[in-house]
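All of these numbers come straight from a predicted model, not from anything done at the bench. Throughout, protein chains are lettered first and strands after them, A, B, ... in sequence-line order, and every chain is numbered starting at 1.
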Protein chains: 2
Amino acid sequence: MREGPDIARVASLVGDPARANMLNALMGGTALTASELALEAGVSLPTASSHLGKLMEGGLLTVASQGRHRYYGLAGPQVAGMIEAITGVAEAVGPKRVRPGPRDGAMRVARVCYDHLAGERAVAMLDRLVAKKILLRDDKEIRLGPATASHFAAIGIDVYTKPRRPVCRACLDWSVRRSHLAGTLGAAILDKILLEKWARREKNSRAVIFSPPGKQAFERVFLR
Amino acid sequence: MREGPDIARVASLVGDPARANMLNALMGGTALTASELALEAGVSLPTASSHLGKLMEGGLLTVASQGRHRYYGLAGPQVAGMIEAITGVAEAVGPKRVRPGPRDGAMRVARVCYDHLAGERAVAMLDRLVAKKILLRDDKEIRLGPATASHFAAIGIDVYTKPRRPVCRACLDWSVRRSHLAGTLGAAILDKILLEKWARREKNSRAVIFSPPGKQAFERVFLR
DNA sequence: AGAATGCTTCGATGAGGAACGAACTATGCG
DNA sequence: CGCATAGTTCGTTCCTCATCGAAGCATTCT
């Protein structure tokens, strides 16, 4: 017998298919209502409610009541990171790539990770920002540099909007094994991409699809 | 309903207390026999055997038969990383730090992570190696520099012993939120530390306890 | 107020799976 | 060869927990 944090408790919360589907859906970053999550998980509303209660009690979810809606979201980036880690293992040990499929391809290129962009395109972006010394990579900790604020202001992104969370964070990608940009800045960039309609969210998926002109615009702004 | 890697399957494997205990024990890095794992998990041998079968089938474990013993070990660093991630969340959401206790303190300072050293001391070591430009931190990817081989040779560590795995890897710490050195080099350094008896493994725990002279030696070699 | 929607609670049902003892296979020892 | 040790397989028992229908709150709309 051994001591330590109760990892079985946390893992078993993720271990139920219905709950796993819900968490997966919430990896999209937007908070969802109980009914949406029930649909997503393929269970009835009472069942979903029960699961949500357990996830709440387990500390994996937060909830915000707005009128008669209750919006559930992931409790934080650490939880999101854990799910990505589990996804990575599941991907590795899972049925030997039955069919890579276009959906998977799109996911590899660009997808939503909690509230920011992940995938090859996101990794390339971070690399470029670091190479241009707009961001400074120290440890996994990515830091702002002297040029950061002015550079993003020129693009139309205010670096210091929401002061609660760290502005910059690195987040490990499960497809590519490198890091991409998370934190409020990462979130702001994703907002920008969607707002400018450079890309759209694939319905019921974390995939992010760039339009041809959107891809060009993204490359002009972030990869040049 | 949604597609993608079967994360529930993987998580539910970790979600059983007996299996979680086994995996936790294997995070110590040494492969263990079925009986040792049964003891560790607090279940009977048949039960343990059944669990081990499931973990094998799930791809989380590897086994090496030696005579009438079967040594089980984690399937790889990715699995170890996942367990650390889950541990981090469990730590964060777990019962509000009932008593930090000396055991926890020791774990924070230095512990075994799969096959290399983790904890504050390991983080400090990596920082120092990077600051001295003996290792180069690029992305999370840590790379060898021109001075690497000679520097470690002087300490008595051959950087290029086991060519199968990457020599350098960064691994995220759940206590400190920074990275430490993994890969074969990380493993070789831990070997060195234990071989020189600078530190000993706490029995039945991942904690690594440095003796006072061992701590000094470690600091002289790695932190100066 | 009454009706409609969103969600939770309660209670009953049922299935999956964790547990162990007993029997079986395999390796090592004298 | 027997005997001991290490592990697995089998069968049974038992309990947890996921599931849903029905009923109960809460909020908003008309």
Side-chain angles (χ1 to χ4, degrees), chain A residues 1-2 6-26 30-75 90, chain B residues 1-2 6-26 30-75 90:
Chain A
M1 291 278 205
R2 81 190 11 264
D6 194 350
I7 125 175
R9 184 178 136 82
V10 174
S12 70
L13 282 173
V14 189
D16 176 86
R19 287 194 291 262
N21 282 332
M22 291 176 174
L23 291 169
N24 227 330
L26 291 173
T30 49
L32 299 171
T33 65
S35 357
E36 287 169 321
L37 287 167
L39 196 68
E40 200 69 46
V43 293
S44 74
L45 232 162
T47 305
S49 186
S50 155
H51 284 307
L52 290 170
K54 281 165 192 170
L55 288 170
M56 285 293 300
E57 198 187 335
L60 265 51
L61 256 43
T62 53
V63 67
S65 293
Q66 270 177 36
R68 58 182 163 181
H69 295 271
R70 311 200 69 189
Y71 285 93
Y72 289 92
L74 294 186
Chain B
M1 292 279 204
R2 88 189 5 266
D6 195 350
I7 123 176
R9 183 178 137 83
V10 174
S12 70
L13 283 174
V14 188
D16 176 84
R19 287 193 293 261
N21 282 333
M22 292 176 174
L23 291 169
N24 228 330
L26 292 174
T30 49
L32 299 171
T33 65
S35 359
E36 288 170 322
L37 287 166
L39 196 67
E40 200 69 47
V43 294
S44 74
L45 230 162
T47 306
S49 185
S50 155
H51 284 307
L52 290 170
K54 281 166 192 169
L55 288 170
M56 284 293 300
E57 198 188 335
L60 266 50
L61 257 42
T62 54
V63 68
S65 293
Q66 270 178 35
R68 58 180 165 183
H69 295 272
R70 310 200 69 187
Y71 286 91
Y72 289 93
L74 294 186

Using OP1 and OP2 only, check whether a side-chain N or O of [X] sits under 4.0 Å from [N].
X	N	answer
B:Thr33	D:dG7	yes
B:Arg19	C:dA18	yes
B:Lys54	C:dA18	yes

Looking only at the side chain of [X] (C-beta and beyond, no hydrogens), which of the listed nucleotides [options] gets closest?
X	options	result
B:Leu45	C:dG6, D:dG7, D:dT19	D:dG7
B:Thr47	D:dT9, D:dT19, C:dA19	C:dA19
A:Asp16	D:dG7, C:dT8, D:dT19	D:dT19
A:Arg68	C:dG6, D:dT19, C:dA19	C:dG6
B:Pro46	C:dA22, C:dT8, D:dC20	C:dA22

For this session: Working to the nearest 0.5 Å, report the span between CG of A:Asp16 and NZ of A:Lys54.
Result: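 Reported value, rounded in 0.5 Å steps: 8.0 Å.
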
What is the distance, to the nearest angstrom, from the [atom1] atom on [X] to the [atom2] atom on [N]?
X	N	atom1	atom2	result
A:Leu37	C:dG6	CG	P	14 Å
B:Arg70	C:dA26	CZ	C1'	11 Å
B:Glu57	C:dG17	CD	C1'	14 Å
A:His69	C:dG6	NE2	C1'	7 Å
B:Met56	D:dG7	CE	P	14 Å
B:Gln66	D:dG7	CD	P	12 Å
A:His51	D:dT19	NE2	C1'	8 Å
A:Leu39	C:dT5	CG	C1'	16 Å

Exercise. Per the side-chain contact (heavy atoms from CB on, under 4.5 Å) rule, which among B:Val63, B:Leu61, B:Val14 passes with B:Leu55?
Worked result: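 Between B:Leu55 and the candidates, side-chain contact (heavy atoms from CB on, under 4.5 Å) is satisfied uniquely by B:Leu61.
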
Exercise. What nucleic acid atoms does A:Ala48 come within less than 4.0 Å of, heavy atoms only: base, sugar-phosphate, or nothing?
Worked result: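 Nothing, no heavy atom under 4.0 Å.
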
Exercise. Looking across every strand, which nucleic acid part, if any, lies under 4.0 Å from A:Tyr71 by heavy atom: base, sugar-phosphate, or nothing?
Worked result: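 Nothing, no heavy atom under 4.0 Å.
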
For this session: Verify side chain to side chain contact (heavy atoms under 4.5 Å, CB included) between A:Thr33 and A:Tyr71, making sure each step is shown before the conclusion.
Result: CA-CA 5 Å; A:Thr33 65; A:Tyr71 285 93; 3.6 Å; yes

For this session: Quick one: closest heavy-atom pair of B:Tyr72 and B:Leu26, and the distance?
Result: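 Closest pair (atom of B:Tyr72, atom of B:Leu26, distance): O-CD2, 3.3 Å.
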
Exercise. Can you check whether B:Ser12's main-chain N or O pairs, donor with acceptor, with B:Arg19's side chain at less than 3.5 Å?
Worked result: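 Yes; at least one donor-acceptor contact below 3.5 Å.
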
